[in-house]
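Side chains are part of it too, since the values below use all heavy atoms of this structure and drop only hydrogens, waters and symmetry mates.
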Amino acid sequence: PLHHKMLRRKRAADGAAAAGPAAASSGRADKRAARANGQARTLEEAVFGASADAEILGADNDAADEEERVGAEVESEEAEGAAWVDDDDDAVTVDISARTQARKLRRTAEEGELSGVAYSERLREHFEQTHGSRPQWADAGGPRKRGDGEGLGGSDGEWTDEDGSEDGDAGRRVPEVRANRMLSSSHGGQLAKGVIDTTRVRDGNVVAPNKAAVQVVQFHPEASAMFTGGYDSTLRIFQIDGKVNPMVQSVHIPDLPIGSGVFLNEGKEIVLSGRRRFFYSYELETGTIRKIHQLQGRSEKSLEYMFASRDGSQLAFTGLNGEVILVSPTTKQVIGTVKMNGSARAVAFGSDGKLHTAGSDGKVYVWDARNRKRCVHMFTDDGAISCSALAVSSDDRLVACGSDSGVVNIYDDGCYKSSTPSPLKAIMNLTTNIHKLEFHPDSQILAIGSRVKKQAFRLFHIPSLTTFQNWPTAGSPLNYINAFAFSANGGYIALGNDKGKALMYRLNHYSRV
């Protein structure tokens, strides 16, 4: 009825009154905007003509295209150049002689202050020398790998190759580790004397240290890989990158405490021996392991000291009564023996088929190991009562002989023409039994080691016939060094010690590992 109609009208009026100010304000704003738009359109038509909209739209598109082009140019410039250049670098000087960690950046012992720009460049050079090459993520336009910017191996610990494939479990076999990791045969030119530039990198077996002293460490002849062995009877194979050094395979041989080991067959096979009358052969491609029982016709109870020729055509074991046993790497059977006076303690092969042996009588015997196994020459090691180690340089021009007294004599190829040659140099840095000698692949360095005493390891500079004075130092964590080896192209040296570690040092003079 009437009373309800009046109530509804009152409510409607109240609602309109409440909404009135906001609605009125909104309406006035809309009218002002429409009037302004109309005035702007009138002005545009007066200035640009009736086709102003189309032209302005075209201009907007052109502006967008120009922005894209300029953006692309900026991105290209950023990709080619540094993302950040600090103009204040020119005004900054850094005294690299005053900071212990920066002294490695010096090119001469007298060098001191560097500008900020030069200091940055030295840091870049040092990084590339330490890690072997410029990282791919730093190259403009290079493919980005999983884990770039996420630390070593990325957050999930997987690496991706150029084709996007993942290493993962596939890296468990050495043939795949070898792929795309072949090494260059080039070296770093003339090596300066006095001071050798080294950088310690992660231990070669850091992910799986030996549980006993490392007795053998060997680099793969072609790939960036290495194996270790010791009295824990376990062969461990590692991929060497200087940063992570992941283990690719581990083989436990319960009845063989490993004392010696060598790569054969272009790195496809590892032969292991120890203080047993038998030895083992491990095929890397198939993962098969074969036990070679006592050598036919031999009564030796230990084959601990094993050596391989450079071309892999012969194995040699020191035997009883001054004999050195020559074994075929294919059949693993005896193919001949050579016999010297006294006991046999050291063996070294040359690349020209010459076999060198030495022992308790202080003489070095040179054999024609390829033909008739006959002795072609013999000379006395100057001042030595007993020879304990031998090494022949890669160019066959130098012979190094170590003795029980710690003296190492270096002879040139004139020793093959005289029975009492005079050494080029007698190295007397060590005072205990020399157990191993090894020349660097480019013959500029001789590594000398004695397992009898802590820190008893030296690097000798061949061109100047002087010992490197700066490394190792008293603070180097070497302990007792039982084994050492240079990588195939000399970029790394690995040292196995009594703590079960395979210490790794990069020789920064050499650009390849």
Side-chain angles (χ1 to χ4, degrees), residues 215 259-260 275 300-307 316-325 337-350 354-367 369 373-393 396-439 446-460 462 465-467 480-484:
Q215 300 297 328
S260 296
R275 293 178 183 175
E300 282 80 8
K301 295 182 179 179
S302 174
L303 299 175
E304 181 177 9
Y305 300 106
M306 176 178 59
F307 308 86
F317 296 91
T318 56
L320 299 174
N321 304 317
E323 290 188 327
V324 175
I325 311 162
T337 60
V338 297
K339 181 175 173 55
M340 48 180 281
N341 299 323
S343 61
R345 298 184 58 189
V347 176
F349 283 92
K354 290 179 180 177
L355 171 67
H356 303 69
T357 65
S360 60
D361 63 349
K363 299 182 184 299
V364 178
Y365 297 78
V366 184
W367 311 83
K373 314 297 184 294
R374 63 188 182 90
C375 182
V376 295
H377 187 61
M378 179 181 66
F379 66 90
T380 300
D381 185 20
D382 186 59
I385 298 175
S386 177
C387 296
S388 57
L390 282 175
V392 180
S393 63
D396 296 312
R397 297 176 60 185
L398 298 171
V399 177
C401 304
S403 68
D404 283 344
S405 63
V407 177
V408 177
N409 289 327
I410 298 180
Y411 299 91
D412 61 13
D413 52 7
C415 67
Y416 297 122
K417 302 175 182 178
S418 172
S419 59
T420 55
S422 297
L424 294 174
K425 179 72 174 182
I427 307 170
M428 301 183 182
N429 296 94
L430 303 182
T431 58
T432 54
N433 172 54
I434 303 298
H435 83 278
K436 184 172 182 180
L437 301 168
E438 182 167 335
F439 280 98
L446 174 66
I448 307 169
S450 172
R451 66 177 62 181
V452 180
K453 188 177 180 180
K454 275 188 176 182
Q455 310 294 98
F457 179 81
R458 296 292 185 271
L459 293 180
F460 187 80
I462 294 297
L465 297 177
T466 57
T467 303
Y480 294 93
I481 297 299
N482 295 316
F484 51 86

Legend entry - Validation row, ring centre Phe457 to ring centre Phe484 under 6.0 Å: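 Judged by ring-centre distance (under 6.0 Å), Phe457 and Phe484 do meet the cut-off.
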Which atom of [X] lies closest to which atom of [Y], heavy atoms considered:
| X | Y | answer |
| --- | --- | --- |
| Cys375 | His377 | SG-O, 3.3 Å |
| Leu390 | Cys401 | CD2-SG, 3.6 Å |
| Leu355 | Ala369 | CB-CB, 3.8 Å |
| Asp382 | Pro421 | CB-O, 4.3 Å |

Inset, instruction - Evaluate salt bridge (charged side-chain N to carboxylate O under 4.0 Å, His left out) for Glu323 paired with Lys339, printing each intermediate quantity in order. - result: CA-CA 4 Å; Glu323 290 188 327; Lys339 181 175 173 55; 5.4 Å; no
Inset, instruction - Look at atom CD1 of Ile385 and say whether more than 12 heavy atoms of other residues, nucleotides or ligands are closer to it than 6.0 Å. - result: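 No - once you tally the heavy atoms of other residues, nucleotides and ligands closer than 6.0 Å, there are 12 at most.
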[X] versus [Y]: any side-chain heavy-atom pair under 4.5 Å?
| X | Y | result |
| --- | --- | --- |
| Ile427 | Val407 | no |
| Asp361 | Met340 | yes |
| Ile410 | Pro423 | no |

Between [X] and [Y], does any side-chain donor sit less than 3.5 Å from a side-chain acceptor?
| X | Y | answer |
| --- | --- | --- |
| Arg345 | Ser386 | yes |
| Tyr416 | Asp412 | no |
| Thr420 | Thr380 | no |

Legend entry - Test applied, side-chain hydrogen bond (donor to acceptor under 3.5 Å, both in side chains); reference residue, Ser450; option that passes from Thr432, Thr431, Asn433: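 Between Ser450 and the candidates, side-chain hydrogen bond (donor to acceptor under 3.5 Å, both in side chains) is satisfied uniquely by Thr432.
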Inset, instruction - Kindly say whether Val366 contributes a backbone atom to a donor-acceptor pair with the side chain of His356 at under 3.5 angstrom? - result: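 No, the answer is negative, given that no donor and acceptor are paired below the 3.5 Å cut-off.
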